[in-house]
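First up is the structure itself, then whatever we jot down about it.
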Amino acid sequence: MSASAATQTGASAPGREAEQAALERVPHGLYIAGEWRPASAGGTLAVEDPSTQEPLVEVADAQEGDALQTDELALLMTLEMGKALAESRAEITYAAEFLRWFSEEAVRVHGRYMVNTTGKGRILTMRQPVGPCVFVTPWNFPMAMGTRKIAPAIAAGCTMVVKPAQQTPLSMLALARVLEQAGLPGGALNVITSSRSGAVIEPLLKDSRTRKLSFTGSTEVGRKLIAQSADQVLRVSMELGGNAPFLVFEDADLDAAVEGALLAKMRNVGEACTAANRFHVHESLADEFAQRMAERMGALKVGRGTEPDTDVGPLIDAGQRAKVADLVSDAAGRGARVLVGGEPLDGRGYFFAPTVLADVQPGTRLLQEEIFGPVAPVASFATDEQALRAANGTDYGLVAYVYTRDLTRALTVCEGLESGMVGLNQGVVSNPAAPFGGVKQSGFGREGGFEGIGEYLETKYVAMSL
Ligand code: NAP
């Protein structure tokens, strides 16, 4: 029989049975979050045998909403924290990247073998887990601030108790479920939610089994926890508040500076420790920069984070919104010009209009305090020395942003800045492969990068004579 005749007549009877069995054994539904389910509208799509043009079987035909089922973690985060869904999705990816990065680092924990100074002895070093850890995390990045600690701790072999902020417990609980499903042994990760943080955390820090505290939050609470950690002489990592300067020099690419400024200011509704808190712009560009920022910030859509066209969600609570409003009126009272926004929005929810202030005077509280909201104060400078002095004139030292096209100036300013991180011609520094952390009252210790796992390891040295 010729090949073309075989194609037309199909398989023999036993062959057809085997074909039918194979087609029936394969699932025909959508596989979402570990479950098989039909498409939401019940639709199906036919799979055709190209040799006979006959339909083989029908499989589920997904609608747009079916694909979005996988977005539940982002949706939860937007519901409890308020930011736009696109930002929550980005945070889920960022948070997951810490798990990937540290799973790769876990197999690179190494020691060394070397000759000592007498030439007769040998030195062996090994790195071992610090031991049980206590983690306290904030509400602004409820998932990523968790995985940035949990992932290196697991990789190093530590157990942990995590306490998320009371405003955003859901993301951490959902993360714990994901890690449980992924096979993390029971007891390795413990999550406690509470409205009485101080009362719950202090006994844990005084318990002799605890060996490390890692905290992300305000400098004020960080100070208290450092003091409490002294009793047990705990290893401590502190990721605290910021007051990031954003410097635009006269040779900067202004288009790039405005794009970077929007990212650095408006990511997470301005509620980020890395948020550009104050814009110091060379006097030749300050007016144009402020005008362009005002146009862009005024065009942003403020709304509930779940609405598809929302750019800017609400602030976290009434207290935060009142603080932002207070800082803006203080600046306006000292002669700053409100170019756009400047007020809370009417109606329900803690919304505040994206705001740009020009001619902000030295000594204004906006320049000295962490704003944590969608407000961009623009001040000007005349010389590089003035810019650097203004940038460093704060107790904080988490991150600074620098826009210049001059290589010598870029390196001189980067070296002179008193901050743990610098965004050079870019408005975002956060990256799981990079060491995140601050100096001065922004804290100590690093999360992410090659350094991140070191926070969870002790070095043991063994002396040997030959
Ligand atoms: P926060 O008030 O310091 O709270 C942070 C965490 O500490 C929350 O879980 C909070 O729980 C808990 N907490 C409060 N008082 C405590 C106490 N006496 N003992 C033990 N735990 C206590 O800060 P936040 O307002 O949530 O977060 C905003 C701050 O975090 C900003 O300053 C921001 O710059 C900083 N932050 C820093 C980084 C960084 O990497 N450097 C990253 C993100 C945020 P309850 O709220 O439930 O009481």
Side-chain angles (χ1 to χ4, degrees), residues 80-83 91 94-95 98 134-149 161-172 191-206 210 213-229 234 236-244 267-277 315-321 323-324 350 369-373 394-400 419-421 428-432 434-449 451-452 455:
E80 67 176 353
M81 189 273 169
K83 67 180 116 185
E91 183 179 338
Y94 177 49
F98 284 106
V134 173
F135 296 155
V136 180
T137 58
W139 47 263
N140 62 343
F141 291 99
M143 185 79 76
M145 297 303 96
T147 56
R148 215 161 70 166
K149 301 181 192 308
V161 177
V162 185
K163 194 211 75 65
Q166 59 191 286
Q167 291 102 326
T168 56
L170 300 177
S171 298
M172 185 62 73
V191 178
I192 48 172
T193 54
S194 173
S195 62
R196 301 170 63 244
S197 326
V200 166
I201 294 298
E202 190 168 4
L204 285 175
L205 300 182
K206 307 249 153 127
T210 302
L213 164 69
S214 180
F215 172 73
T216 300
S218 63
T219 298
E220 186 192 356
V221 174
R223 267 192 214 103
K224 281 189 204 160
L225 297 183
I226 293 169
Q228 289 171 14
S229 302
L234 298 183
V236 177
S237 304
M238 287 281 146
E239 297 287 347
L240 306 177
N243 178 2
R267 181 168 171 241
N268 223 47
V269 204
E271 295 172 313
C273 53
T274 50
N277 208 59
L315 294 174
I316 189 72
D317 57 27
Q320 186 57 34
R321 186 167 76 161
K323 181 190 160 195
V324 172
Y350 311 114
E369 297 178 29
E370 191 176 27
I371 304 171
F372 246 52
T394 167
D395 290 335
Y396 296 104
L398 188 62
V399 60
S419 70
M421 302 175 285
V428 174
V429 293
S430 306
N431 189 295
F436 188 106
V439 299
K440 294 163 79 176
Q441 294 191 26
S442 287
F444 43 81
R446 293 294 179 267
E447 292 191 322
E451 292 81 354
E455 302 279 325

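Read the numbers this way: they start at 1 and go in the same order the structure lists the ligands and their atoms.
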In Arg321, Glu80, Gln167, the residue satisfying side-chain contact (heavy atoms from CB on, under 4.5 Å) with Ile316 is Gln167
Verify side chain to side chain donor-acceptor pair (under 3.5 Å) between Glu455 and Ser237, making sure each step is shown before the conclusion. CA-CA 7 Å; Glu455 302 279 325; Ser237 304; 2.5 Å; yes
Give the protein residues with at least one non-hydrogen atom closer than 4.0 Å to an atom of ligand 1, ordered by chain and number. Val136, Thr137, Pro138, Trp139, Asn140, Met145, Arg148, Lys163, Pro164, Ala165, Gln166, Gln167, Ser197, Gly198, Ile201, Phe215, Thr216, Gly217, Ser218, Val221, Leu225, Glu239, Leu240, Gly241, Gly242, Cys273, Glu370, Phe372, Leu398, Phe436
Is there a side chain to side chain donor-acceptor pair (under 3.5 Å) between Thr193 and Gln166 once you walk through the steps? CA-CA 7 Å; Thr193 54; Gln166 59 191 286; over 6 Å; no
Check this for me: does any side-chain nitrogen of one of Glu220 and Lys224 sit under 4.0 Å from a carboxylate oxygen of the other? no
Using 4.0 Å as the upper bound for N to carboxylate O, is an ion pair formed by Arg446 and Glu451? no
Trace of the side chain to side chain contact (heavy atoms under 4.5 Å, CB included) decision for Met145 with Glu239: CA-CA 10 Å; Met145 297 303 96; Glu239 297 287 347; over 6 Å; no
